[in-house]
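Note: hydrogens, waters and symmetry copies are ignored here, and every other heavy atom, side chains too, is used. Whatever order the structure lists them in is the order used to number ligands and atoms, beginning at 1.
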Amino acid sequence: MKINGVAYRSVWLDADGWGVRIFDQTKLPWMVEELRLTTWQEAAHAIRSMQVRGAPLIGAVAAYGVALAMREDAGQLDAVLEALAETRPTAINLRWALDRQRAKLHNLPAEARAAAAYAEAAAIADDDAETCRRIGENGLPLLQEIAAKKGRVNVLTHCNAGWLATVDWGTALAPIYMAHDAGLDVHVWVDETRPRNQGAALTAFELGAHGVKHTVIADNAGGHYMQHGEVDIVIVGTDRVTRTGDVANKIGTYLKALAARDNGVPFWVALPHSTLDMRVRDGVAEIPIEERSGTEVTELTGRTADGRIETVRVVAAGSEAANPAFDVTPARLVTGLITERGRCAADEASLLALYPEKA
Ligand SMILES: CSC[C@H]1O[C@H](OP(=O)(O)O)[C@H](O)[C@@H]1O
């Protein structure tokens, strides 16, 4: 997508053909700062520190991390795959991308691994960009249907599931970009998404850069707007969908789904094939939920009036903080899933009808 009229992906190969470039998303929206990754350890740090985040993007950067490792020492494949897999536990795309690299590289001679790893990483990135574009196409009719009835479409989204969470286009935001580009009057309620503020910092930045009307709201305000008929549809991304349609996503998603159900607001989840985990049936019981540092809750980073980026403590001294980074929305609260292959109900039969090869 575009920043100041210039088209970008969220991860790309540097001009020298081996370094990997990303945006440091911990600096957005205050600074648009590119980083050049040259080692697998730097890729791992970028994922762990959330310089890059978002399930599909995590997978793509990990795949390039494997390529950087093979360029350095092709004999370290198993150790690097294991180390990258440990960077973040919830988004299944990380495992999916690493499994693809393992399958591609494991039986190759060492001298062939680097070129093959870079080719596979590029294929993963290209697959994600095209997959997300098709998610946009398959989600667009949902917005067109609302617009036909009432003119303006008010969408609520949680966290950031835009192009900064994927290689391009995004998942939840892809239909919104396409609706905007098709001339629909679309407005987005952007959950700020405490504690890392991916909504306030990243979704708002993306939508603003694309000219999409949006309003940032406190996470706790979404139910109020649904009660007052201000939300026509909720569309969120996801980090893992089980074979029964349970949805792991940023903490707070479950509460939005409850409010949506209570107010008769459709609750849709957008995902690429790489986010499906058909090994899991019960998402609440089986999906590992990442516990991040409590300092993400007790501290807040922002820009001062004179332009300095500062971090301040926002919690009483001495108080502890807990910080689960995701929750699981049971399939029963999900209206439907938007995928690159079409839309379907959040249940096993519907998913297998779309993805028969995953039976
Ligand atoms: C398109 S996947 C986006 C998904 O990933 C985010 O988590 P994080 O920012 O911690 O990587 C969030 O759950 C988004 O919905």
Side-chain angles (χ1 to χ4, degrees), residues 1 9-11 22-26 28 46-62 87-94 96-97 127-129 131-136 139 156-177 188 190-206 219 234-241 247-257 267-277 283 287-293 296-297 323-329 334 337-340:
M1 299 301 280
R9 282 185 171 185
S10 55
V11 58
I22 60 171
F23 292 107
D24 180 349
Q25 296 192 23
T26 64
L28 288 172
I47 295 167
R48 202 180 295 113
S49 67
M50 296 176 68
Q51 287 173 326
V52 291
R53 26 63 51 198
L57 179 56
I58 287 171
V61 172
T87 50
R88 293 189 75 188
T90 305
I92 194 61
N93 309 63
L94 177 60
W96 171 82
D127 169 82
D128 187 66
T131 294
C132 289
R133 188 189 64 77
R134 286 159 50 190
I135 289 170
L156 184 143
T157 194
H158 190 69
C159 199
N160 173 251
W163 71 272
L164 288 171
T166 66
V167 173
D168 204 347
W169 281 105
T171 56
L173 297 192
I176 293 167
Y177 289 130
V188 184
V190 176
D191 277 358
E192 63 177 343
T193 315
R194 288 278 293 144
R196 287 295 298 251
N197 282 9
Q198 290 95 324
L202 302 177
T203 296
F205 171 78
E206 283 196 33
D219 294 323
V234 177
I235 306 180
V236 298
T238 174
D239 297 82
R240 191 182 311 210
V241 173
V247 170
N249 197 46
K250 184 53 49 193
I251 193 77
T253 303
Y254 171 48
L255 294 177
K256 287 296 152 12
F267 184 91
W268 287 83
V269 179
L271 71 141
H273 58 83
S274 50
T275 307
L276 271 175
D277 184 355
I287 296 177
I289 299 298
E290 179 183 17
E291 285 286 341
R292 294 188 65 88
S293 165
E296 295 182 350
V297 177
N323 184 18
F326 299 95
D327 59 25
V328 176
T329 300
V334 179
L337 303 172
I338 307 168
T339 79
E340 74 280 1

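By the criterion of a heavy-atom distance under 4.0 Å, the side chain of P56, and not its backbone, is placed next to ligand 1. Contacts with ligand 1 closer than 4.0 Å are made by side-chain heavy atoms of Q198 only, the backbone lying farther away. Within the 4.0 Å heavy-atom criterion, the part of T238 lying near ligand 1 is the backbone and not the side chain. Only the side chain of M50 comes within 4.0 Å of ligand 1, judged by heavy-atom distances. At a heavy-atom cutoff of 4.0 Å, ligand 1 is contacted by no atom of R196, backbone or side chain.
At distances below 3.5 Å, at least one donor-acceptor pair connects side-chain atoms of T193 with backbone N or O atoms of C159.
Within the structure, ligand 1 has G54 among the residues with a heavy atom less than 4.0 angstrom away. Using a 4.0 angstrom heavy-atom cutoff, H158 does not count as in contact with ligand 1.
Close approach to R88 involves these atoms of ligand 1, each under 4.0 Å from a residue heavy atom: 8 (P), 10 (O), 11 (O). Close contacts of ligand 1 with A165, meaning ligand atoms under 4.0 Å from a residue heavy atom, involve 1 (C), 3 (C).
Donor-acceptor pairing under 3.5 Å is recorded for the side chains of D24 and T26.
The pair D219-R194 does not meet the salt-bridge criterion, since no charged nitrogen lies less than 4.0 angstrom from a carboxylate oxygen.
The closest protein non-hydrogen atom to atom 1 (C) of ligand 1 is T171 OG1, 3.3 Å. Ranking protein heavy atoms by distance to atom 12 (C) of ligand 1, first place goes to C159 SG, 3.4 Å. If you check which protein heavy atom lies closest to atom 3 (C) of ligand 1, you get N160 O, 3.4 Å. Among all non-hydrogen protein atoms, the one lying nearest atom 15 (O) of ligand 1 is N249 OD1, 2.5 Å. Nearest protein neighbour of atom 5 (O) of ligand 1, counting heavy atoms only, is D239 OD2, 3.1 Å.
The option with the heavy atom closest to atom 10 (O) of ligand 1, from among Q25, R240, K250, is K250.
Closest non-hydrogen pair, P56 versus A165, comes out as CD-O, 3.3 Å.
Just one residue in the list I58, L57, T171 forms a side-chain contact (heavy atoms from CB on, under 4.5 Å) with T166, and that residue is T171.
Distance check: N93 CG to R240 CZ gives 9.5 Å after rounding to the nearest 0.5 Å. Rounded to the nearest 0.5 Å, atoms CD1 (I176) and CD1 (I235) are 5.0 Å apart.
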